[in-house]
Amino acid sequence: MPIESGRYCAHCTDESGALQDFDTRFARMTSWQERSTPGASREEIERATLAYMATMPAWRDHPRVVEATR
């Protein structure tokens, strides 16, 4: 995702430009993943979302992401 201003992309920030909390961003990303991969189990969706978040500077060091990618 391109970063047009600030440290994070527009999808990971709130309207004031602050980084969203992890649970909010994770919920939104898993919701998107559910729509884009119908038929996938919740476990598969969460695993894929955490793997993707591990590639993102804002989230790669979050404890839930680190734990899931061990």
Side-chain angles (χ1 to χ4, degrees):
M1 190 53 46
I3 299 174
E4 296 176 9
S5 65
R7 293 180 61 190
Y8 309 111
C9 78
H11 295 286
C12 289
T13 56
D14 62 18
E15 54 281 338
S16 68
L19 188 63
Q20 294 173 358
D21 66 274
F22 179 84
D23 291 330
T24 298
R25 181 76 311 224
F26 183 72
R28 290 181 180 173
M29 290 179 77
T30 55
S31 177
W32 179 86
Q33 188 75 11
E34 285 176 328
R35 290 188 307 276
S36 67
T37 54
S41 71
R42 182 66 186 182
E43 183 179 324
E44 291 170 319
I45 288 168
E46 288 185 4
R47 190 175 333 119
T49 300
L50 290 167
Y52 183 68
M53 291 177 91
T55 70
M56 304 169 78
W59 307 112
R60 66 177 164 225
D61 295 325
H62 188 277
R64 282 191 55 199
V65 174
V66 171
E67 180 65 30
T69 57
R70 284 186 186 179

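Source: prediction; values computed, not measured. Worth knowing before you read on, the calculation uses all heavy atoms, side chains too, and leaves out hydrogens, waters and symmetry mates.
- Applying the side-chain hydrogen bond (donor to acceptor under 3.5 Å, both in side chains) rule to Arg47 yields the partners Glu43; only residues at least two apart in sequence or on another chain are considered.
- Connection of Val65 to Tyr52 is established within a shared hydrophobic cluster, with ILVMFWY side chains joined at heavy-atom distances below 4.5 Å, either directly or through further cluster members.
- Contacts of Ser31 classified as side-chain hydrogen bond (donor to acceptor under 3.5 Å, both in side chains), with partners at least two apart in sequence or in another chain: Arg35.
- Contact between Thr37 and Ile45 at its shortest, heavy atoms only, is OG1-CG1, 4.2 Å.
- Distance check, rounded to the nearest 0.5 Å: OG1 of Thr49 to CH2 of Trp32 gives 8.5 Å.
- Side-chain contact between Phe26 and Leu50 is present, with heavy atoms from C-beta onward closer than 4.5 Å.
- With contacts defined as side-chain heavy-atom distances shorter than 4.5 Å, the pair Met53/Met29 qualifies.
- The side-chain hydrogen bond (donor to acceptor under 3.5 Å, both in side chains) test applied to Ser41 returns Glu44, not counting sequence neighbours.
- With sequence neighbours excluded, no residue satisfies side chain to side chain contact (heavy atoms under 4.5 Å, CB included) with Ala51.
- Among pairs with a residue in residues 49-63, none fulfils salt bridge (Lys or Arg N to Asp or Glu O under 4.0 Å), at least two apart in sequence or across chains.
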Output side-chain donor-acceptor pairs under 3.5 Å for residues 15-22, partner residues at least two apart or in another chain, one line each.
from	atom 1	to	atom 2	distance (Å)
Ser16	OG	Asp14	OD1	2.8
Gln20	OE1	Arg25	NE	3.0
Gln20	NE2	His11	O	3.4
Gln20	NE2	Thr13	O	3.3
Asp21	OD1	Thr24	OG1	2.7
Asp21	OD2	Asp23	N	3.2
Asp21	OD2	Thr24	N	3.0
Asp21	OD2	Thr24	OG1	3.2

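- Legend: residues meeting side-chain hydrogen bond (donor to acceptor under 3.5 Å, both in side chains) with Glu46, ordered by chain and number and at least two apart, are Arg42.
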